[in-house]
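Only one structure is covered here, and it is reproduced in the block below.
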Amino acid sequence: MSATTAAVPFWRAAGMTYIGYSNVCAALVRSCLKEPYKSEVASREKVHFSLSKWSDEKQEKPTLRTDDE
């Protein structure tokens with residue numbers, strides 16, 4: 001099967017990445033939930049991550065970030 005006739009996932013054909021597609025799906029599922037599940041899921045939706053800068057091939061002290069910064 002050649003590359004031109006191979007099946008392409010619809011999210012790829014729409015110009016999305018899989019991560020973008022999965023984020024859209026997750027947001028739709030969260031918006032369809034009823035209470036008390038909706039508030040429970042909203043509390044777990046926050047994302048926290050650590051960001052470190054590098055200079056002179058050494059890692060500086062990491063800073064903790066959240067998705068709302």
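Residues F10 and Y18 share a single hydrophobic cluster, defined by chaining ILVMFWY side chains whose heavy atoms lie under 4.5 Å apart. Residue L28 is grouped with residue W11 when hydrophobic side chains (ILVMFWY) are merged at heavy-atom distances under 4.5 angstrom, including chains of intermediate members.
K38 approaches R30 most closely through the heavy-atom pair CE-O, 3.7 Å.
With rounding to the nearest 0.5 Å, the separation of OG in S50 from NZ in K61 is 10.5 Å.
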